[in-house]
Asker: 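Sharing a structure, written as structure tokens. Questions coming.
Since the model is a prediction, treat every value here as computed from it, not as a measurement.
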Amino acid sequence: QVQLVESGGGLVQAGGSLRLSCVVSGRTFSSCAVGWFRQAPGKEREFVAAINWSGSSTGYTDSVKGRFTISRDNAKNTVYLQMNSLKPEDTALYYCAVKCGLLYNSYRAQPQDYNYWGQGTQVTVSS
């Protein structure tokens, strides 16, 4: 059974930073593609960032490019999302998701590409 535990969310003022972590257990993490998604109240879940199994491919939604950075530490079974210059519109519940065992060469941006999801961590950015 794959388990994902997100952490690092919180309340921050606009312009501030947070680093989200997603710890994955139950599978060989080095074979897992990982994505971050977010969902704001009343809105659909949207793609934020993703990284492939090797870390050679990363991708971001346009609204976070240049502000967010995704990275992974296979020794710690952890993926990070460094979020800088946060804006009120970044407020949402952030989820990490994984798909393990398929060694994609490129990152995956669609929710249906992932089969395990965490419970989410809340990020609130005040203006």
Asker: Can I get a per-line list of side-chain donor-acceptor pairs under 3.5 Å for residues 13-35, giving both atom names and the distance, sequence neighbours left out?
Answerer:
from: Ser17; atom 1: OG; to: Asn84; atom 2: OD1; distance (Å): 2.9
from: Ser31; atom 1: OG; to: Thr28; atom 2: O; distance (Å): 2.8
from: Ser31; atom 1: OG; to: Gly101; atom 2: N; distance (Å): 3.3

Asker: Should Cys100 and Tyr116 count as side-chain neighbours, where that means a heavy-atom distance under 4.5 Å?
Answerer: no

Asker: If the condition is side-chain hydrogen bond (donor to acceptor under 3.5 Å, both in side chains), which residues does Asn52 pass it with, not counting sequence neighbours?
Answerer: Ser54, Ser56

Asker: A quick test of your reading: do over 12 heavy atoms of other residues, nucleotides or ligands sit less than 6.0 Å from CD of Gln122?
Answerer: yes

Asker: What's the spacing between Glu6 CD and Leu81 CG if we round to 0.5 Å?
Answerer: 11.0 Å

Asker: Output all residues satisfying side-chain contact (heavy atoms from CB on, under 4.5 Å) with Ser127, sequence neighbours left out; order by chain, then residue number.
Answerer: Pro88

Asker: Do Val12 and Val48 share a hydrophobic cluster, counting only Ile, Leu, Val, Met, Phe, Trp and Tyr and linking them when any side-chain heavy atoms are less than 4.5 Å apart?
Answerer: yes

Asker: For Val5, which fellow cluster members are found when Ile, Leu, Val, Met, Phe, Trp and Tyr are connected by side-chain heavy-atom distances below 4.5 angstrom, either directly or through intermediates?
Answerer: none

Asker: Tyr104: which other cluster members, linking ILVMFWY side chains closer than 4.5 Å, directly or transitively?
Answerer: Leu102

Asker: Do Tyr107 and Val98 sit in the same hydrophobic cluster, where Ile, Leu, Val, Met, Phe, Trp and Tyr count as joined when their side-chain heavy atoms come under 4.5 Å apart?
Answerer: no

Asker: Test of understanding: with side-chain hydrogen bond (donor to acceptor under 3.5 Å, both in side chains), list the residues that count as partners of Asn105, not counting sequence neighbours.
Answerer: none

Asker: Considering residues at least two apart in sequence or located in another chain, which fulfil the side-chain hydrogen bond (donor to acceptor under 3.5 Å, both in side chains) criterion with Gln119?
Answerer: none

Asker: Strictly by ring-ring contact (aromatic ring centres under 6.0 Å, His included), give each pair with a member in residues 44-94 just once, sequence neighbours left out.
Answerer: Phe37-Phe47

Asker: Could you name each residue pair satisfying salt bridge (Lys or Arg N to Asp or Glu O under 4.0 Å) that touches residues 68-78, not counting sequence neighbours?
Answerer: none

Asker: Applying side-chain contact (heavy atoms from CB on, under 4.5 Å), name anything that partners Gln39, two or more places apart in sequence or on another chain.
Answerer: Arg45, Tyr95

Asker: Do you reckon Val79 sits in the same ILVMFWY cluster as Leu93, going by side-chain contacts under 4.5 Å, direct or chained?
Answerer: no

Asker: Could you list all the salt bridge (Lys or Arg N to Asp or Glu O under 4.0 Å) pairs where at least one residue sits in residues 29-43, not counting sequence neighbours?
Answerer: Arg38-Glu46, Arg38-Asp90

